[in-house]
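Before any comments, here is the structure.
For reference, positions follow the sequence shown, starting with 1. Because only heavy atoms are used, hydrogens play no part in the values below, and waters and symmetry mates are left out as well, while side chains stay in.
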Amino acid sequence: MTAHSSPTKSIITVPLSDRSYPVMVADQGLFHLGAWLAAGEQAAVQPGQKLLLVSNPTIFKHYGSAVVGSLQQSGYDVRHALLPAGERYK
């Protein structure tokens, strides 16, 4: 178990007709991302699989190590790609 206790999480659905998607909100949730994925929160992603984390340099500087560490601790093979910030790079 990590030094961070498991937070309460909320799921918010972004309603976009046929493109709706869920957003998980949890205080300190980045430290638990790997465990949540490994526990079946997203059935398409299983421990041992390769994952690519895509971010921009500013966001990655602040949150990248927490996300990568959480995923690796849960058994994922994680790589990252940094793209410039801005809508045209999404």
Side-chain angles (χ1 to χ4, degrees):
M1 182 160 180
T2 66
H4 303 275
S5 62
S6 186
T8 302
K9 58 187 176 214
S10 299
I11 306 291
I12 300 167
T13 301
V14 177
L16 297 175
S17 61
D18 64 336
R19 299 180 301 129
S20 296
Y21 59 92
V23 175
M24 184 185 301
V25 180
D27 185 39
Q28 300 295 311
L30 296 180
F31 294 101
H32 303 279
L33 181 60
W36 288 336
L37 289 176
E41 296 290 335
Q42 296 293 324
V45 183
Q46 299 299 319
Q49 288 185 300
K50 295 179 182 180
L51 298 178
L52 178 64
L53 175 63
V54 180
S55 185
N56 71 50
T58 302
I59 299 299
F60 191 83
K61 177 179 152 186
H62 293 290
Y63 305 107
S65 65
V67 174
V68 170
S70 177
L71 293 168
Q72 288 176 335
Q73 185 175 3
S74 293
Y76 295 99
D77 180 8
V78 184
R79 301 291 187 267
H80 66 272
L82 301 181
L83 301 177
E87 286 298 316
R88 71 183 199 175
Y89 297 103
K90 290 183 181 178

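- Under the salt bridge (charged side-chain N to carboxylate O under 4.0 Å, His left out) criterion, no residue pair touches residues 50-61, with sequence neighbours excluded.
- Residue Leu53 is grouped with residue Ile59 when hydrophobic side chains (ILVMFWY) are merged at heavy-atom distances under 4.5 angstrom, including chains of intermediate members.
- Ala26 approaches Lys9 most closely through the heavy-atom pair CB-CB, 3.8 Å.
- Nearest heavy atoms, Pro47 versus Ser74: CB-O, 3.5 Å.
- Looking at every heavy atom in both residues, Gln49 comes nearest to Gln46 through OE1-N, 2.6 Å.
- Pairing each heavy atom of Phe60 with each of Ser55, the nearest pair is N-OG, 3.4 Å.
- Tracing side-chain contacts under 4.5 Å through hydrophobic residues (I, L, V, M, F, W, Y), one never reaches Val54 starting from Leu37; they form parts of separate clusters.
- The heavy-atom pair separating Ser70 from Leu33 by the smallest distance is OG-N, 3.3 Å.
- When each of Val45, Leu51, Leu30 is checked for a side chain to side chain contact (heavy atoms under 4.5 Å, CB included) with Leu71, only Leu51 meets the rule.
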Show me the donor-acceptor pairs, under 3.5 Å and distance only, between side chains in residues 78-89 and residues at least two apart or in other chains.
from  : atom 1 : to    : atom 2 : distance (Å)
Arg79 : NH1    : Asp77 : OD1    : 2.6
Glu87 : OE2    : Lys90 : NZ     : 2.9

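- Rounding to the nearest 0.5 Å places CZ of Phe31 at 11.5 Å from CH2 of Trp36.
- When the side chain to side chain contact (heavy atoms under 4.5 Å, CB included) test is applied to Thr58, the partners found at least two apart in sequence or on another chain are Asn56, His62.
- Under a hydrophobic clustering in which Ile, Leu, Val, Met, Phe, Trp and Tyr are joined whenever their side-chain heavy atoms come within less than 4.5 Å, directly or via other members, Leu16 and Ile12 fall into the same cluster.
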